[in-house]
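The structure appears below as structure tokens.
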Amino acid sequence: MLTVEKIGGTSMLQFQNVLKDIIGFPSSEGFRYGRVFVVSAYAGVTNMLLEDKKTKAPGVYQRFIKGEDYESAMDDLLGMALDINETFTKLGLDSKVCRDFLVERVVQTKAYLNSMEDIVASGYVGRDSIYSAARELLASIGEAHSAFNTVNILRNNGILAELVDLTGFRDSKQLSISERIEKSFKNINPHEAIIVATGYTKGIEGIMREYERGYSEITFSKIATHLHADEAIIHKEYHLSSADPKIVGVDKAIPVGRTNYDVADQLADIGMEAIHPNASKPLEMAEINLRIKNTFEPNHPGTVISNDYIGPQAKIEIIAGSDKIVILEIHDTSMVGETGFDLEIMKKFKKYNISYIMKTTNANSISLVIWQADLAESLVAELEAEYRTVTVQEAAIVCCIGSNIAMPRILARAANALAKNDINIKCVSQSLRQVNMQFVIDRAMYSKAIICLNEDLCWANHK
Ligand SMILES: Nc1ncnc2c1ncn2[C@@H]1O[C@H](COP(=O)(O)OP(=O)(O)O)[C@@H](O)[C@H]1O
Ligand SMILES: N[C@@H](CC(=O)OP(=O)(O)O)C(=O)O
């Protein structure tokens, strides 16, 4: 049995639970090797290195690119990381060894950043490529720190453990992410020791550049497919739940239990943060099941995502959505009966590299939901130049998703739940495959909509 398991940042901060309940001790029941752990940085560390994921408060990287004092931000980061280390000494972490490792990385990174600053000032090299290298370099410290500590704690508890450092810190070889993973695992036998790999992988394409935050799930999914794992497991702060526990409350968030990769695609499309949008596809293609477990409920089997699962009863499994979208509508009376009208609009979307989330159409209008971050004023101007009316509204999208929702009344129930709560549906869509009903609503109503849909479609059936 070989499993590849990712441990999220919030769980890493509670390492006593990871050690006792997830990894265990050689003397404890059920302990086994054959496990590769891919670890994220401790929660908060990447925020300090780059910028806060939610509030965007600047970290070292943002200060560096703005020409501000990044060195003291780096010192603060080091202080915070060493404080985290202190909390683990009672678990067996060797303060001196772990401190020396971290200090060396931080000192060397400062030196790299200083040189980069000089190169940018010289004007000989483009800023963007230097900044993007700095972002990669800084991000890698978070996972190097947590992976190094993990191996140190495991060894000090009599557990055989090997570090696979994918950050390539002093490695000048130009390898892609997949090549580095392949090379690093060449002489590793996961059945002889617990393997701990950094969630950050250095590669010529740049894991930050390609996948942005949450990238450790990309490393995880690439390792799982490379090693042909029997199962890929993500250990997280919450179960994969019927709705975001932070919105509906943990008591109303029902663990999904089982679902399929079709549902995972729907979640990826709206950027649902519980799984990185690009992580599940390679696992699906390799026919590896993905299990999402709650670190703090170790005996609960969690949720298994597989290729062919169809729920035995028709039900909504997940309510998800986003309040970071806009709806764009093209209305033109010349559209009716015209062939290829949509094609011209799509050519513009392709030119701007925009993938839409939802599309609905009638005789003379086409509505598209896209990420607000993708909306370019010049695209709107181009559309306005060609079509009668172009409307853009900031909005939110809520989706009711399930592997088996093809049943009468379900759409009516969802619409009714929104109506009862005075939430107007601006636009609606459901494809023939019937796995996802999508509603565009007023942005201010987003949380209320998630709460009432979860209550009426998931919680009411669960009680
Ligand atoms: N249906 C859902 N089930 C579980 N979590 C969800 C769901 N929808 C949104 N989330 C959010 O996803 C977040 C997980 O974020 P992430 O940064 O990946 O955590 P971790 O540090 O465990 O990797 C949680 O904070 C939670 O609020
Ligand atoms: N630490 C990185 C990578 C990651 O995947 O973290 P987490 O598993 O905590 O979302 C980040 O914050 O983006």
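When a ligand or atom number is given, it counts from 1 through the structure's own listing order. It should be emphasised that the depicted structure is a prediction, and the values quoted were computed from it without experimental measurement.
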Residues around ligand 2, heavy atom under 4.0 Å from any ligand atom, sorted by chain and number. Can you pull those? K6, G8, G9, S40, A41, T46, E143, R213, G214, Y215, S216
Checking the side chain of K183 only, and the main-chain atoms of L175 only, is there a donor and an acceptor separated by less than 3.5 Å? no
Within the distance-only criterion (no hydrogens, no angle test), does the side chain of E455 pair as donor or acceptor with the backbone N or O of K252 below 3.5 angstrom? no
Within the supplied structure, the quantity of interest is the number of heavy atoms (other residues, nucleotides, ligands) at a distance under 6.0 Å from K66 NZ; does it exceed 12? yes
Quick one, list the residues around ligand 1 where some non-hydrogen atom comes in under 4.0 Å, by chain and residue number. K6, G8, G9, T10, K53, K236, E237, Y238, H239, L240, S241, A243, D244, P245, K246, M272, E273, A274
The salt bridge (charged side-chain N to carboxylate O under 4.0 Å, His left out) partner of K236 among E5, E217, E297 is E217
Enclosure of R127 CZ (heavy-atom neighbours >12, cutoff 6.0 Å): no
Kindly write out the residues that satisfy ring pair (Phe, Tyr, Trp, His ring centres under 6.0 Å) with Y42, not counting sequence neighbours, or none if the list is empty. F88, H145
Could I get the full list of ring pair (Phe, Tyr, Trp, His ring centres under 6.0 Å) partners for F296, not counting sequence neighbours? none
For the CG atom on D83, are there more than 12 heavy atoms of other groups (residues, nucleotides or ligands in this structure) within a distance under 6.0 Å? yes
Minimum-distance pair of heavy atoms, taken over all atoms of V263 and I401: CG1-CG2, 3.7 Å
